[in-house]
Every structure is written in structure tokens, then in C-alpha cells.
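Below is one structure, written out as C-alpha cells; comments come after it.
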Amino acid sequence: MVAGLADAPRPDADLFGPRLVVKVGSSLLVTADGTVRRDWLAGLVADIAARVKAGQQVVVVSSGAIALGARRLGLPRGGRASLEDAQAAAATGQIALSSVWAELLGNHGLTAAQLLVTLDDLEDRRRYLNVAATLGRLLKLGVVPVVNENDSVATEEIRFGDNDRLAARVGAAARANGVILLSDIDGLYDSNPHANPDARLIPHVETIDATILGMADSRSSSGMGSGGMVSKVEAARIATAAGATLAIASGRIDHPLARFAATGHGTVFAAPRHAPARKAWLSGGLTDRGAIRVDAGAVAALASGRSLLPAGAVSVEGDFARGDLIRIVATDGRTVARGLAEYDAIDAARIVGRRSDELGDLLGYAPRSALVHRNHMALL
Ligand code: GLU
């Protein structure tokens, strides 16, 4: 424990709610000569372990694979001279990165799990649902998922490229209440703090408007990671639209998570009380692939915020796959909601009108909790 921290308040177990994503940048994890900053990381892992023990579920989004792999392979420019170099460096560094997380979390009796995802995995609705389900299951099992971009298979055009936006997307998939970006800078400033000594930290951002965008500076100060302030503000936009509060806080101190919980020093982008944007992309614009007709009881249940269960469904129309956008239609033909199907049309048709305890036998596999889950549904 670092000096001065002993007296700090215990981490607030409610920091941003029950589910938290913590993103760690490359320059915090890896020294300029390409080795893991173990002592610092051990302090962060102790903070994470304290939160998990206090009942919070934590997902880690960890950068550092490219920086670590570049050193092992002796590649120039930190492995970022070409896409091929970055892919080879990521493949080599990722295995070291995972093992250090697994070892340090293991020292606290915690199990780590690795998830490598590409941009496509989170854009495609079906794969997004699978990622969401896996994260949900891991968190319920008390595991700490450690996520990174699958840089070895992503090509330039289809990469996130920075883990800030990845962390925000993962936060949405995990239905996290908060995302904390630990960075080599302690927050958003009203002008570039490296150039202007009078630059002021913005502690709280209510709305991401043109003024806030103008304050973001696209240069990463370390030159090691790829995310600058522009990608952090974009991450804030993605996270808050999905209903999660996002904070940028300094990782340039020991026990950065406990410190942030104790002091709140950083920039916090508030999530709107309701998260209309996540529902907005469900309710508007996209072409649906089919419909499920439901009875009056189901319409009432949906209106009170419940998921659509097979028992309330009457019939299935169209040829949709699991993850496709479908309409939920009342018996009078009115579309009452749109959402993502948890089953394909064939399996959905097999279970309409059936009670939950009949589903396993009918389907031959463990059933999902709903036909359309309320988290993936927008009422119209
Ligand atoms: N995914 C990259 C890595 O692990 C880092 C991306 C970033 O710099 O944010 O090295």
C-alpha cells in the first residue's frame, strides 16, 4: 500500500453501481522499454479485488499486447510500424498480458477470463448478444473478464484501434453502470495541459457538445497507446448513450481505482437518467426480420418493463435468426415493441404459448430466459 493511502476511505462499493468496466492504457501497463509495470499493476489489481469482494462486478479492458509483443520480437516503433508488425506483436504480447493478469488476480483468489473481440463482433447483433451473454455469465460466476481487441485478426479498416471506444462498447454489452478509463492524463482539460500551464480540468460533463469536442486533443501524450482525448470523448458518448457513466481518471498514481473512488479526481461524463439512445437504435431505422404476435397479458407485462416470455406469445411471422431485430405485435395488429430475438424463427415457433419449465424438453437445449429480453427491447 502506498504512503498516504492507509487513511483513505475504503473504496466506495457503489462507485458507479453494481457493474464496472475498468480500462487500462498501454503506457500505464508497459514501460518504455517494453516490460510490464508489475508493482503498479499489482496495486490496481488489489483495488479491483477489493471492489469484487465488496460485491461489485468488474470487467477489465486491458491494452498493452502490442507494446509487450514488440519488445519480445524486437520490432521498431513499439510494433506499430506496419499492420503486420502490430498483428504479430499483439499475438505475442497478448499471451504475456493475459498471464500477468491471471497471476495477479489469482493472488487475490480471483479467476481471470480472456475475451478477445473485434469491432465486427460488437457491431453484428448476433455476435454482440453472444459477447453480452458470455460477459454476463462470467460476471455471475465471480470471474474477472479481461478484454482486449483481437488485433491479430483485425485489419486496419475494421479495427477499433483504441481501447477507449472498445471499453465503452464492452460496457454497453456488459450492461455496465460505469466505465473508468485509467489514462496517462487525469481528465479532460479546457485546453492542452502540455502546452498551456493554465489549462483547467473539467470535473463534470453533462452534455457532450461542440465545446467539449473542441477541448479534446487527439494526440496521445505517451505515443504508446492509440487513444487520445478524442477517442476518450467518443467513448464517453458511446457509454453514456448506453446508460453508463464514464470517467477519465489518472493511472499515473499507485492504487488508481481506490484513489479515484476516494477523491473523485478526474472527469465524469454523466449518463442520462434514462438511456434513450440504446433503445433508440432498436426502435428506429432498422428493417425488422419478422414479428411475434402476443396476447393482451404479454402487452401489459411488456408495458410494466418485463421481458417477452414464450407463454405470452401467440404466433411467429418471418424468417429471423437469433439476434435479428423483430417486432412484437398485439392481437389487434399494433406494433407494441421492437427488440432482438433470443431465438431463431423456427425455435421461437416451437415454444410459443409454452411455460418456461416445458422449454428445455421442447428445444433439446438449455432455454434462454426470454423470447425477447427487456434489455434488448424498445417499447413503442
Ligand atoms: N489493443 C491494443 C493493445 O493491446 C491497444 C490499443 C490502444 O492503444 O488503446 O496493444
Side-chain angles (χ1 to χ4, degrees), residues 21-37 41 44 59-102 112-122 131 145-171 173 179-185 216-236 238-239 246 248-252 256:
V21 173
V22 179
K23 181 258 173 178
V24 193
S26 300
S27 66
L28 299 174
L29 258 156
V30 184
T31 61
D33 68 1
T35 53
V36 175
R37 294 180 63 224
L41 189 57
L44 171 61
V59 178
V60 171
V61 173
S62 176
S63 304
I66 296 175
L68 280 176
R71 183 203 184 218
R72 283 170 169 69
L73 299 175
L75 295 171
R77 291 188 45 208
R80 292 175 194 263
S82 68
L83 179 64
E84 289 78 7
D85 276 7
Q87 290 176 324
T92 310
Q94 184 62 43
I95 201 163
L97 189 63
S98 312
S99 73
V100 76
W101 277 106
Q114 175 183 266
L115 250 91
L116 298 179
V117 296
T118 59
L119 179 69
D120 267 359
D121 292 332
L122 297 175
V131 171
V146 180
V147 184
N148 196 0
E149 182 162 15
N150 196 351
D151 292 304
S152 299
V153 302
T155 55
E156 207 62 74
E157 321 77 65
I158 55 149
R159 289 181 76 205
F160 276 104
D162 65 82
N163 277 5
D164 298 318
R165 292 174 308 152
L166 173 68
R169 287 295 184 102
V170 164
V179 176
I180 298 182
L181 306 178
L182 293 177
S183 171
D184 51 10
I185 187 154
D217 180 275
S218 61
R219 282 175 307 126
S220 165
S221 58
S222 66
M224 194 184 284
S226 5
M229 202 45 81
V230 167
S231 71
K232 288 177 178 46
V233 172
E234 268 179 45
I238 295 167
L246 181 138
I248 303 169
S250 176
R252 283 259 163 255

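Values reported hereafter were calculated over all heavy atoms of this structure, with side chains retained and with hydrogens, waters and symmetry mates removed. Whatever order the structure lists ligands and atoms in, that order sets their numbers, starting from 1. If you read the sequence from its start, that first residue is 1, and numbering goes on from there.
- Note that CG of L28 and CG of L182 are 6.5 Å apart. Values are rounded to the nearest 0.5 Å.
- Not close to ligand 1: A90, with no non-hydrogen atom less than 4.0 angstrom away.
- Nearest to atom 2 (C) of ligand 1 by heavy atom, out of D162, D151, L181, is D151.
- At a heavy-atom distance under 4.0 Å, only side-chain atoms of N148, from C-beta outward, approach ligand 1.
- Any N or O atom pair closer than 3.5 Å counts here, and S62 shares no such pair with ligand 1.
- Closest approach of G79 and A70 over heavy atoms only: N-CB, 3.4 Å.
- Pairs passing the side chain to side chain donor-acceptor pair (under 3.5 Å) check and including a residue from residues 68-78, sequence neighbours excluded, do not occur.
- An N or O contact shorter than 3.5 Å is missing between L97 and ligand 1 by distance.
- Among residues two or more places apart in sequence or in another chain, the side chain to side chain donor-acceptor pair (under 3.5 Å) test is passed with S98 by Q94, Q114.
- Nearest approach of G228 to D164, heavy atoms of both residues: O-OD2, 4.0 Å.
- Under a 4.0 Å criterion applied to the non-hydrogen atoms of S63, ligand 1 contributes the atoms 4 (O), 5 (C), 7 (C), 9 (O).
- For R165, the closest heavy-atom approach to ligand 1 does not fall below 4.0 Å.
- In terms of polar-atom proximity, defined here as any N/O pair under 3.5 Å, N163 does make such a contact with ligand 1.
- Backbone and side-chain nitrogen or oxygen atoms of A67 are examined, and none is located within less than 3.5 angstrom of a nitrogen or oxygen of ligand 1.
- In terms of heavy-atom proximity, A239 sits nearest to A168 at N-CB, 3.9 Å.
- Side chain to side chain, D120 and T118 fail the donor-acceptor criterion of an N or O pair below 3.5 Å.
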